[in-house]
Amino acid sequence: MNLLTLNIVLGVSWMLINGSFSIFNFIVGFVVGFVCLSLTQATSGPLNYGRQGWAAVKLLIYFLKEVVITSIKVVWDVLTPTHLSEPDIIYYPLDAKSDLEIMLLANMVSMTPGSLTLDVSEDRAYLIIHAMFARDKAAVIEELKNGLEKRLLEVTRG
Amino acid sequence: MSTVTEWVLSILLLTGGVFLLAGSIGLVRLQDIYMRLHAPTKASTLGIGLVLLVSAIYATLTNDGISISELLVTVFLFFTAPITAHMMAKTALHQRLHRLERTQNQDLFENARLRLSPDAELDDTVSKP
Amino acid sequence: MLNTVVMIVSGMVSLALILNLYRLLVGPDVLDRVLALDTMYINGIALIVLLGIYFRSALYFEGALLIALLGFISSTALCKFLIRGDLIE
Amino acid sequence: MAQTRLNIALGSMVLLPFVLFMWVVFTYQPPLTQLSWPWVPSLDINLMFRLDGLSVLFAGLITGVGLLVQLYSLAYMKGKPARFSFHLLLTLFMLSMLGLVLADNILLLFVFWELTTLTSYLLIGYNHEEAKSRKNALQAMIITGAGGLALLAGLLMLGNLADSYQLSLIIERAPGYQNSVWFIPSLICVLVGAFAKSAQFPLHFWLPGAMAAPTPVSAYLHSATMVKAGVYLLARLLPVYGETALWGWSLGLAGAITGLWCGLLALRQTDLKLMLAFSTNVVLGKLVMLLGIGTETAVSAALLLIAAHAFYKAGLFMVIGIVDKATGTREYAQLRALKPVLGISFVAAVVGAASKAGFPPTMGFLSKEYMYKAGAYTDVFVTIAMVAINILLVTLALVLVMKPFLGEKDNHTAEIKPVEQYKLLWMPPLLLTCLGLIVPLLFLGQFQAIIIDPAMLAMLGNGSPEAVKLWSGINLALILSLLTLISGAVLYRFYTPLHQFLVRLTGALPNGPDVYARILDAVIKLASWQTRTLQHGQLSGYTLQFFIVLAAILVYGVYATGALPNLSFDAEFYEYAIGILMVGCAAIVLASPSRLTSIATLGMIGFLTTLIFMIYSAPDVSKTQLLVETLSVVFIAIVMRKLPLLNTVPKPSRRRRLVQLSVAGTIGLCMTLLMLMITSDPLDQSLPEYFSQYSYPIANGRNVVNVILVDFRAFDTLGEVVVVVVAAIAAISVVRRFRKGDEQ
Amino acid sequence: MNSIIFRTASHIVSGLMLLFSVYLFFRGHNQPGGGFIGALIAVIAFGLLMLSESPDYVRRQLKQTPLFMSLIGVLCLLAAAVMPLFFGQPLLTGLWWKEILPLGTPLLFDLGVYLAVIGGVLGILLKVEEELS
Amino acid sequence: MTEWLLVAPVILALSTGTFAALFMRWRTLSLVVIWVGAVVQVVSAIALLMSVLDEGIVAVAVGNWPAPFGISFVADNLSAAMVLITAIIGLATVAYASADLALRPSYPLYHVLIQILLVGVYGSFLTGDIFNLYVWFEVMLISSFGLMILDANRVQIEGAVKYVILNLVSTLVFLLAIGLLHGATGTLNMADLSLKVPMLDSGKTTLIASLFLFGFAIKSALFPVFAWLPASYHTLPSGVVAIFAGLLTKVGVYALMRVFTLVFSLPNTGLQTLLIIIAGLTMLTGVLGAASQFNIKRILSFHIISQIGYMVMGLALYTPLAIAGGIFYIIHHIIVKANLFLIGGYLQRKHGSDNLSDLGGTYKALPWLGVLFIIPAFSLAGFPPLSGFWGKFMVIRASLETGQYILAATALFVGLMTIFSMTKIWSEAFWKARPDGQPNEPLTRKEHWLYLTPIVVLAIMTIIIGLAVEPLYQFADTAARQLLDTTQYVDTVMGVLR
Amino acid sequence: METLWSIVVGVMLGAGIYLMMERHLVRFIFGLMIVSNAVNLGIFVAGRLTKGNPPLIDEGALELAEGFANPLPQALILTAIVIGFGLLLFTMILAYRASTEMGTADLDQYRESEES
Ligand code: NA
Ligand code: NA
């Protein structure tokens with residue numbers, strides 16, 4: 001994903017908040033979005049837009065599923081009088097490299113219940129995660145690697 | 001609007017309410033700031049997501065046009081909630097806030113605070129709390 | 001029926017708000033208060049959206065969006081200040 | 001070059017009195033000449049002038065003596081700094097004085113009256129680098145100024161009485177005023193003004209104080225002119241007020257006391273100029289007494305005395321000036337045997353003193369005769385007072401001539417410089433004093449015909465009953481005159497013990513300047529106290545003060561209203577919930593010792609306000625409120641870091657908290673009441689309906705609030721934006737170039 | 001203190017907010033919104049950028065000083081105010097060119113509000129951040 | 001043409017300020033804009049006054065929305081005169097500031113803020129809408145805040161805090177009063193209000209009027225809410241304080257006069273007696289405050305308060321003569337007080353202090369400055385025939401005519417104390433010998449004239465006002481009658497239709 | 001409804017004014033914020049309250065629907081909020097400057113300017 005994608009997203013958002021879907025509205029949104037982006041972005045990357053759309057949908061579905069399922073776990077722990085949680089700090093080795101990838105991954109990690117991104121290490125090699133139910137550290141890492149991160153990288157790298 | 005839809009909407013709404021309440025209960029009940037961060041970030045966000053979903057569906061059904069602009073709020077909340085949580089966690093680390101004794105790998109907190117890799121040796125200048 | 005549910009959920013959200021208020025007042029750390037405030041924002045949005053459903057008006061949605069934006073900004077800004085050591089009691 | 005220009009300027013200023021004198025002489029056609037130009041007709045203040053006997057007498061003295069004083073000053077002030085401004089001020093003073101006596105409009109008269117105060121202030125303070133000069137000038141200013149303000153009040157009331165400010169009209173309508181409530185107040189105010197100007201007891205002391213001025217100023221202001229302004233005014237208003245008992249009593253009493261007391265004070269002096277000054281007070285007292293009697297004889301006596309005094313007193317002052325210039329001192333202890341060196345001055349002094357003492361056949365003698373005649377027909381006490389005052393004057397005249405000019409030199413005596421080589425120095429005094437001798441001897445008839453009779457006519461409406469004569473046979477007045485002269489001489493014999501006694505006496509009694517200083521001091525102390533009380537510098541005290549005022553006027557308003565509004569509790573539960581939450585939040589902010597809690601709670605209040613706007617159909621307001629609230633909280637959070645904690649300031653005392661609480665509570669309660677009163681009646685809907693009607697068709701907007709902001713009431717918005725921009729500029733300027741480190 | 005996550009996200013969010021701001025500004029005449037609300041949202045968007053990057057970064061992105069922006073805003077206000085005078089109408093009368101586009105001096109006026117408020121409030125915000133931190 | 005003239009002062013000052021700010025980096029250009037702007041303002045104000053003299057009250061419906069619905073700008077004699085005086089003082093300040101403030105780091109900003117201050121003042125004088133009046137008050141207030149804190153030192157900041165805090169109290173109460181008045185009548189246009197307020201019951205009228213009275217009392221520094229003025233004015237640079245002293249409080253008095261004649265008729269509010277008492281105490285406390293001071297600016301600051309008392313006295317007595325006197329007094333006072341502060345500032349610049357103990361020898365060194373001082377000083381003290389006498393004369397006469405003897409006596413006593421204060425300054429700063437070691441800063445020829453020109457011009461105006469009383473009295477009398485009989489005003493405002 | 005909000009406005013005004021009379025600069029600012037809010041609310045309430053009918057003209061309509069909320073007080077409040085915001089910002093920053101210069105936030109110690 002790059003600036004153009006972002007710009008398109010903004011164009012669509014414009015249509016969304018306007019509540020009317022027309023070419024004119026999209027163009028207006030795109031232009032406005034362009035101005036806004038040029039005001040807020042530090043760098044701009046080259047245009048590289050492929051077939052990430054489908055991957056994005058897959059990611060979204062997977063993500064929502066994860067959220068719903070594991071949410072219930074957390075809610076359970078919260079609502080029951082005993083504390084099942086076994087908190088731990090996990091250093092998760094990153095494959096994601098770009099700012100955007102890292103950010104999205106970190107966000108998703110945070111949104112999946114049970115894990116919360118604390119930070120990214122200075123050298124960008126690790127995501128530092130606070131896990132609530134971390135009986136098996138390796139399993140947690142493995143699940144993320146094959147689940148979220150793989151799908152995410154499919155979206156961002158095509 | 002059919003009764004079934006109304007039922008579905010009601011259930012969704014109630015679920016949302018439960019999540020919202022759960023998030024807030026978690027905020028009260030959980031024992032350290034790191035764990036307290038989990039609850040509102042996830043449960044409350046999910047809850048508000050459901051409420052917004054109901055609102056969107058309801059608006060779509062009652063008004064003539066489709067009203068999915070609520071989705072924008074949802075997306076926004078899902079996007080920003082983890083970032084807020086991250087910032088708070090970072091703050092907590094920075095301030096070396098009280099952490100639950102049960103937490104494993106306690107020594108990694110200091111590494112995390114300084115954003116160092118797990119195997120990094122902390123020099124003497126960095127005093128552990 | 002939906003209106004009844006809306007009322008019930010409003011009650012739940014209000015309860016949630018009161019719990020947040022408790023955390024806000026108790027702390028113990030400033031960060032806890034910030035977190036409580038952030039959660040209050042979310043619950044506030046929920047209340048407003050519920051109000052929107054109750055009154056069948058789309059006008060409240062923008063208020064919700066605005067609160068979401070502002071909640072994000074204030075929470076992160078407060079964290080930033082805390083890290084910088086700006087907020088000392 | 002500069003010298004030539006100065007000389008031309010001085011010359012023209014010296015000539016001006018002469019020109020004016022000529023103008024008066026040629027313009028005046030007895031019995032009355034009136035000149036008039038409009039100035040402020042709407043307020044009945046016009047440039048109206050009137051030349052009648054009285055004003056011509058004064059105008060003649062003013063311009064005549066003025067000419068001589070200007071000439072004398074040319075010599076006297078030679079080599080002194082700022083000669084130009086000295087002569088200029090003298091000229092301005094003369095013009096003001098002339099205006100005063102010629103004005104036929106009481107407010108015009110007042111304008112000139114105040115101008116004489118101002119110009120005399122500047123003249124008295126001529127030696128302004130000396131503290132004493134400044135102090136005495138101020139003293140004269142304050143006392144005559146106070147009198148002037150009283151006079152203004154009096155004249156305003158008089159004007160209202162007569163329904164005109166025109167003097168001749170007022171006098172014409174004169175008999176009918178007594179019944180008005182304003183009559184007596186106006187009389188009192190006018191008297192205060194006149195007494196202050198004419199240095200009557202107890203305001204007499206400014207006149208001797210004014211002797212700080214250069215001698216020509218004293219000669220002019222304090223003999224012929226300024227001090228006579230009060231006398232002139234009394235003489236002018238005699239037909240208006242003269243009938244009342246109060247007039248006679250107050251003038252008689254004030255004049256007598258002034259004459260006697262100032263006579264004694266004069267005898268106590270060692271400085272010849274001061275002695276003259278006090279004796280001027282004495283003469284003024286005599287004049288006031290005579291005007292108080294107000295009979296034809298008394299008025300003739302007064303007119304004679306005015307002329308006599310102008311001649312001899314101006315002359316004597318000038319003589320003292322010469323003495324001062326010759327020896328550098330005016331203390332008679334250091335002055336002996338001046339006669340050989342200052343021969344002409346001696347002559348002038350003798351003639352002047354003779355007139356002063358009422359020695360026949362001088363003008364002074366004439367006036368004294370008439371005075372005794374007037375007194376003899378009124379009251380025995382008045383007569384006794386007159387005799388006593390005149391005895392003192394005789395003694396004073398003797399002191400003035402004998403002490404400095406005669407006697408033998410000793411080693412205390414100052415060196416004498418022969419200053420009489422300057423003609424301009426000795427000619428004016430000689431001329432003036434001799435006039436007091438020549439006029440009664442040679443021109444008495446003409447004097448009466450041209451001066452006295454018209455003046456009497458002007459004042460009383462008829463001429464003098466009999467011709468003024470030097471010799472009118474042996475009568476009571478002559479006997480009293482003789483008695484006076486002999487007693488004066490006897491008193492002079494015992495001058496030294498008398499002087500010592502007077503020094504002790506006046507030392508024991510409170511004196512004018514001290515009382516004045518104490519009163520002034522008390523006023524300034526009062527001022528300081530009140531300023532410390534009101535302007536105490538404590539900001540929280542100011543805010544408390546302000547809100548107490550607000551509470552007080554609101555309570556007054558509610559009290560005046562009395563009615564209680566009807567309440568209607570028709571809100572729904574969530575509205576109550578929001579309301580209660582808001583009140584609770586407010587309570588938290590009040591009670592919380594923590595800044596962060598307070599800020600968070602303030603945020604809550606803002607948020608709840610937003611909710612209210614949202615519920616009651618104000619989407620734009622609610623959005624704006626939300627944004628503004630958030631930004632405010634962000635700003636206050638940023639700024640707060642640099643502000644001290646709440647506990648760095650001492651907690652208010654219990655009493656203070658109670659006061660604050662009751663003040664704040666009162667205001668809150670009153671506002672609630674007011675709002676209830678307002679909202680219980682229906683609101684006029686014409687404006688909203690208009691906006692609704694025209695918003696879309698003409699202003700092309702569906703959001704009526706926005707249309708109001710950018711169209712219906714766009715001017716408000718324009719101003720509002722300017723406020724924001726300027727606030728930004730100002731706020732940026734506050735922090736720009738300033739960091740905490742800059743303090744060091 | 002730096003955070004890739006926060007920084008990256010804040011760029012996106014502030015972009016979105018600016019968009020929202022422009023949107024609210026444009027539709028203000030017909031729906032809730034308008035110059036002032038739009039401007040404050042824009043300020044908050046830039047404020048977010050300021051927090052995640054630096055005040056200097058925001059200044060560079062703006063290219064103009066905030067003061068200049070607000071002065072331009074005031075000029076827009078003045079133009080909108082004075083223009084009708086030249087058409088023989090009183091000050092601040094709305095002039096519309098509906099035939100071409102739904103444009104009128106009230107919109108120019110609102111634009112003035114928008115720019116002036118952004119410039120003003122942002123100016124303070126940046127200055128305060130620079131001086132007090 | 002009226003459309004142009006009525007709004008010209010506000011728009012011109014705003015444009016001047018804006019362009020001067022835009023060109024701030026090019027100092028000369030900015031100054032040219034300021035000078036041209038200031039001169040044009042005077043010209044336009046004269047034109048406005050002529051048009052009012054010609055046609056009577058004039059009004060324009062801003063935005064072309066008819067009277068009670070949009071905002072009206074109205075000029076009657078009073079407003080037109082105030083606008084002209086403001087423009088003149090504005091021009092004088094521009095000249096004076098060019099000398100007095102030129103060395104300060106924020107110099108160009110001073111000019112900008114002065115223009116914006118003028119925007120607020122003009123707006124306040126011309127608006128016919130009560131809420132719009134609030135807006136202009138705020139414009140004035142915020143720019144005065146700005147002027148106070150530019151290049152401020154510690155003491156100035158402290159003074160500014162007091163000024164700001166206490167003025168905020170006034171602002172909030174004023175705003176609340178407007179809101180409630182709107183709630184009670186449903187309108188904001190003052191002409192419309194004058195028709196609707198009489199229909200309210202007296203309780204509401206009294207309470208709302210009290211709120212207005214309180215708000216304006218602070219603005220005009222009446223007893224006992226004047227503390228902000230002596231706490232702050234003397235800390236200001238002379239170029240700033242002259243315009244503050246001349247204009248700001250007078251806007252408060254103007255607002256009192258306008259609102260308590262047009263919107264509320266003072267006798268109907270039940271506050272007349274209160275206002276009479278306030279007027280007397282204001283005169284008295286102000287003048288006593290001055291008597292206890294030994295610093296030129298402080299003395300003059302306290303005198304502002306006492307003189308305000310005379311103006312309010314005119315309103316409180318509520319007769320044509322009294323109000324005419326009050327108006328006459330305002331016009332005179334603006335000129336004279338500004339001039340006195342200008343002279344004080346000149347002395348301060350020259351000798352580095354405005355404490356009386358540090359000054360002296362001025363009369364000897366600069367006799368013409370002495371003359372220039374005497375004129376406004378003794379005018380302030382009420383010496384005839386200078387300008388100050390006439391206003392005083394009128395209000396005292398009016399108070400005697402209405403039987404307010406104590407008030408008249410107070411006014412006279414205050415006059416005496418004013419003489420005392422003015423002679424104190426004269427005696428200490430001018431007559432007294434020059435103290436040892438007094439610094440004497442040489443001024444360039446240009447600076448010298450920039451300082452003196454406004455002083456001379458204002459002194460000449462003082463004399464002219466004093467001598468040409470008749471036309472001015474006629475003018476003030478008409479103004480007073482326009483205030484007391486609102487029909488012409490209402491008809492004009494409500495008659496301007498779309 | 002107006003009764004409730006009149007009371008709330010009264011209480012808020014009281015609380016704010018109480019704070020404005022305090023010695024701590026920060027407490028004053030808190031008071032200022034509360035009073036500003038209360039005043040705006042007061043204007044709003046005095047202009048009468050209407051629920052659920054904002055002054056927006058519907059698409060296709062030419063004027064507001066029956067029973068619309070009074071738009072005028074809303075516009076006034078908007079102006080007042082904005083002005084109040086500007087003043088508040090200035091005041092806060094002045095407060096920072098003042099307390100830094102004077103070394104205290106105790107308003108009663110700000111007396112230097114009035115000492116002769
Ligand atoms: Na003011
Ligand atoms: Na003033």
Side-chain angles (χ1 to χ4, degrees), chain B residues 1 3 5-7 9-14 16-18 20-29 33 36-37 39-41 44-45 47-48 50-52 54-56 58-59 62-63 67 69-70 72-74 76-77 79-81 83-95 97-98, chain C residues 1-2 4-6 8-13 15-24 26 28-32 34-36 38-43 45-47 49-50 52-53 56-58 60-62 64-69 71-85:
Chain B
M1 196 166 63
T3 337
T5 351
E6 208 169 342
W7 269 99
L9 287 182
S10 299
I11 289 168
L12 280 176
L13 202 57
L14 271 174
V18 169
L20 280 167
L21 193 55
S24 296
I25 293 173
L27 182 67
V28 173
R29 282 205 61 215
I33 180 75
R36 280 201 282 273
L37 273 174
T41 310
S44 296
T45 313
I48 185 82
L50 286 171
V51 174
L52 280 162
V54 172
S55 168
Y58 184 69
T62 49
N63 300 356
S67 166
S69 37
E70 275 88 342
L72 195 71
V73 185
T74 319
F76 183 79
L77 282 172
F79 183 68
T80 55
I83 292 163
T84 316
H86 153 68
M87 288 301 282
M88 289 189 198
K90 215 169 150 57
T91 314
L93 284 173
H94 180 84
Q95 299 195 331
L97 289 186
H98 159 84
Chain C
M1 187 184 75
L2 194 61
T4 327
V5 175
V6 167
I8 293 168
V9 177
S10 300
M12 290 163 85
V13 175
L15 187 63
L17 272 170
I18 291 167
L19 291 172
N20 300 156
L21 207 59
Y22 167 79
R23 188 45 88 195
L24 182 73
V26 165
D29 292 303
V30 179
L31 192 63
D32 287 290
V34 176
L35 179 59
D38 190 62
T39 317
M40 284 178 96
Y41 268 111
I42 294 183
N43 287 324
I45 296 169
L47 260 189
V49 174
L50 288 169
I53 299 175
R56 294 174 169 72
S57 165
Y60 296 92
F61 139 77
E62 267 175 14
L65 180 56
L66 217 51
I67 294 173
L69 281 172
F72 170 65
I73 309 271
S74 356
S75 301
T76 47
L78 286 172
C79 288
K80 187 98 189 187
F81 295 153
L82 280 174
I83 292 175
R84 272 202 321 225

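All values derive from a computational prediction rather than experimental measurement. Just so we're on the same page: letters track the sequence lines, and every chain starts at 1.
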Is it the side chain or the backbone of [X] that comes within 4.5 Å of chain C heavy atoms, both, or neither?
{"X": "B/L77", "result": "side chain"}
{"X": "B/I25", "result": "both"}
{"X": "B/I48", "result": "side chain"}

Among [options], which residue forms the greatest number of heavy-atom pairs with chain C at distances under 4.5 Å?
{"options": "B/V51, B/V28, B/L20", "value": "B/V28"}
{"options": "B/A81, B/S44, B/S24", "value": "B/S24"}
{"options": "B/V18, B/I33, B/T45", "value": "B/I33"}

Of all of [options], which one pairs up most often with chain B through heavy atoms under 4.5 Å apart?
{"options": "C/L17, C/L31, C/V9, C/V49", "value": "C/L31"}
{"options": "C/R23, C/M12, C/M40", "value": "C/R23"}
{"options": "C/T76, C/L69, C/V6, C/V13", "value": "C/L69"}

Can you tell me how far the [atom1] atom of [X] sits from the [atom2] atom of [Y], to the nearest 0.5 Å?
{"X": "C/L50", "Y": "B/L13", "atom1": "CG", "atom2": "CG", "result": "6.0 Å"}
{"X": "C/I42", "Y": "B/T84", "atom1": "CD1", "atom2": "OG1", "result": "7.5 Å"}
{"X": "C/R84", "Y": "B/H94", "atom1": "CZ", "atom2": "NE2", "result": "11.0 Å"}
{"X": "B/M87", "Y": "C/I83", "atom1": "CE", "atom2": "CD1", "result": "5.0 Å"}

[X] side chain near [Y] side chain, heavy-atom distance below 4.5 Å:
{"X": "C/D38", "Y": "B/P40", "result": "no"}
{"X": "C/I53", "Y": "B/V54", "result": "yes"}
{"X": "B/T91", "Y": "C/V30", "result": "no"}
{"X": "B/M88", "Y": "C/S75", "result": "yes"}

Which atom of C/L2 lies closest to which atom of B/E6, heavy atoms considered: N-OE2, 3.1 Å

Check against side chain to side chain contact (heavy atoms under 4.5 Å, CB included), C/L19 and B/L27: CA-CA 8 Å; C/L19 291 172; B/L27 182 67; over 6 Å; no

By a 4.5 Å heavy-atom criterion (distance strictly below it), what part of [X] contacts chain B: side chain, backbone, both, or neither?
{"X": "C/V26", "answer": "neither"}
{"X": "C/D32", "answer": "both"}
{"X": "C/I67", "answer": "neither"}

